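Just so we're clear, the structure is a prediction, and the values are computed from it rather than from any experiment. Computed over heavy atoms, backbone and side chain alike; hydrogens, waters and symmetry mates excluded.
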Amino acid sequence: MLVTLREILPDAKKNRYAVGLFNTVDLEMAKGVLAAAEEARSPVIIGSAEVLLPYTGLEELTSFLVPLAKKATVPVVLHLDHGLTVDCVQKAIDLGFTSVMYDCSTKSFQENIWDVKTMADYAHRRGLSIEAELGHVGSNDGGAESVGENDNSIYTEPEEARAFAEATGVDALAVAIGTAHGAYKSKPKLDFNRLKEIAEIVETPLVLHGGSGLSDQDFRSAIANGISKVNIFTDINAAYARYSHDNYTEGCGITDLMPGITDAVKEATLEKMRVFGCPGHAAAYREYVVQGVVRNVMQALKKGRG
């Protein structure tokens, strides 16, 4: 079932678990991620980032992601990660994505607020959710998500995070606490005290980017200190490539490898879901729907009495 971040992240924030965003670039990868969500009975966020679109375009992604998400028996958010241009973000919305990230994190604080607020209004009018980033999560060179820069993270300031969230009305806020995109060349030093301070004063669910390569304890500490959504690509991308490499033999065709590729991605996804604590939480979406129906009925009755 297709949902937005608004339907799944509040429960994650309340109950101290995180929902994973798993970026995908082909059908086998998508099937593996969704199979993991079904087995774990977990909500899941799936999609791609603008820098990954040269591998598979938005139209091609939408053609298989939308039907798969609609058919799923767990809540699925179809999310554009790191949308960098207005055209790309609006195109994703038009094609059927239920959530978008508009990344203006390299702009000034005021420009970031203004541009994100404009896009948030656009997305909210269409019933979709939106994520933004404050501070800047840099890149490790050589990864598929790298845009050619070194690790140049700019840490998020807590008071600015509160002002930004209130001014823009975003549904999720990515914060920079020392992670970077791509494969790490050395162990990252994460500022959990900064994260805790942000979480204490910002109502909006917080997002950790650059998650692939962190230790299980890093993830658990991040979630304990306020993270409700974690982005993953490199780990499942590597699982896909590793299976293909290890199981290729002379005369082997891609159709011989496809089932195993999907299973490898599924297992890598399940491993992360268990660490994030999200298995079994798909039912929270149904509770959200029931509460919404009750709320609407009560509001209608009050209006009738008035």
Side-chain angles (χ1 to χ4, degrees), residues 1-49 52 56 61-62 64-82 92 96-101 128-131 145 171-172 174 205-209 211-212 214 219 222-223 227-237 239-240 261-289:
M1 62 193 80
L2 271 170
V3 300
T4 72
L5 297 178
R6 286 194 299 275
E7 279 87 51
I8 61 171
L9 292 190
D11 186 71
K13 177 179 171 65
K14 177 183 176 183
N15 291 298
R16 292 299 178 93
Y17 64 92
V19 182
L21 162 66
F22 300 91
N23 280 327
T24 58
V25 294
D26 70 3
L27 180 59
E28 277 61 54
M29 194 176 277
K31 287 166 65 177
V33 170
L34 293 175
E38 293 280 8
E39 181 171 316
R41 304 311 300 161
S42 169
V44 70
I45 308 162
I46 194 169
S48 189
L52 295 176
T56 311
L61 283 166
T62 308
F64 60 81
L65 287 179
V66 170
L68 287 173
K70 286 182 176 179
K71 187 171 67 174
T73 63
V74 296
V76 180
V77 180
L78 183 51
H79 183 76
L80 175 69
D81 186 26
H82 286 288
F97 280 63
T98 60
S99 185
V100 293
M101 178 189 183
L128 310 181
S129 56
I130 184 168
E131 175 184 336
E145 289 183 294
D171 304 291
L206 302 179
V207 183
L208 183 72
H209 285 235
S212 290
L214 298 185
F219 284 123
I223 293 164
I227 290 296
S228 302
K229 173 178 175 280
V230 179
N231 286 25
I232 297 291
F233 175 68
T234 301
D235 281 347
I236 63 171
N237 192 34
Y240 187 128
I261 287 170
T262 296
D263 284 343
V265 172
K266 173 187 171 184
E267 289 306 314
T269 303
L270 277 170
E271 182 179 339
K272 287 293 183 288
M273 287 179 165
R274 294 180 187 118
V275 174
F276 299 166
C278 54
H281 284 283
Y285 169 70
R286 299 188 185 281
E287 294 174 11
Y288 174 90
V289 172

Query raised in the report: Hey, is the main chain of Leu78 close enough, under 3.5 Å, to the side chain of Thr98 for a donor-acceptor pair?
Result: yes

**Report entry** By salt bridge (Lys or Arg N to Asp or Glu O under 4.0 Å) - contacts of Glu271 (at least two apart)
**Finding:** none

Query - Shortest non-hydrogen contact between Ala172 and Leu5, atoms and distance - result: CB-CD1, 4.0 Å

Query raised in the report: Can you tell me if Asp81 and Asn231 form a side-chain donor-acceptor pair at under 3.5 Å?
Result: yes

Requested in this report: Please assess Lys229 against Ile45 for the test side chain to side chain contact (heavy atoms under 4.5 Å, CB included), listing each intermediate value before the final yes or no.
Outcome: CA-CA 9 Å; Lys229 173 178 175 280; Ile45 308 162; 3.7 Å; yes

Query - Test side-chain hydrogen bond (donor to acceptor under 3.5 Å, both in side chains) applied to Glu38 and Thr73, step by step - result: CA-CA 7 Å; Glu38 293 280 8; Thr73 63; 2.4 Å; yes

Query raised in the report: Parallel under 30°, tilted from 30 to 60°, perpendicular over 60°: which one fits the rings of Phe276 and Phe219?
Result: perpendicular

Query raised in the report: Does any non-hydrogen side-chain atom of Val76 lie less than 4.5 Å from one of Met1?
Result: no

Report summary line: Looking only at heavy atoms, the pair that brings Lys266 and Ala35 closest together is CD-CB, 4.0 Å

**Report entry** Any donor-acceptor N/O pair, Thr269 side chain to Val33 backbone, under 3.5 Å
**Finding:** no

Query - Ala282 versus Pro43, closest heavy-atom pair with distance - result: N-CD, 3.6 Å

Report task. Could you give me the CA-CA distance, side-chain angles and deciding distance for Leu21 and Ile232, then say whether side chain to side chain contact (heavy atoms under 4.5 Å, CB included) is met? Result -> CA-CA 6 Å; Leu21 162 66; Ile232 297 291; over 6 Å; no

Report summary line: Here the pair of heavy atoms bringing Tyr17 nearest to Ile8 is OH-O, 4.3 Å

Query raised in the report: Does any donor atom in the side chain of Glu131 or His209 lie under 3.5 Å from an acceptor atom in the other side chain?
Result: yes

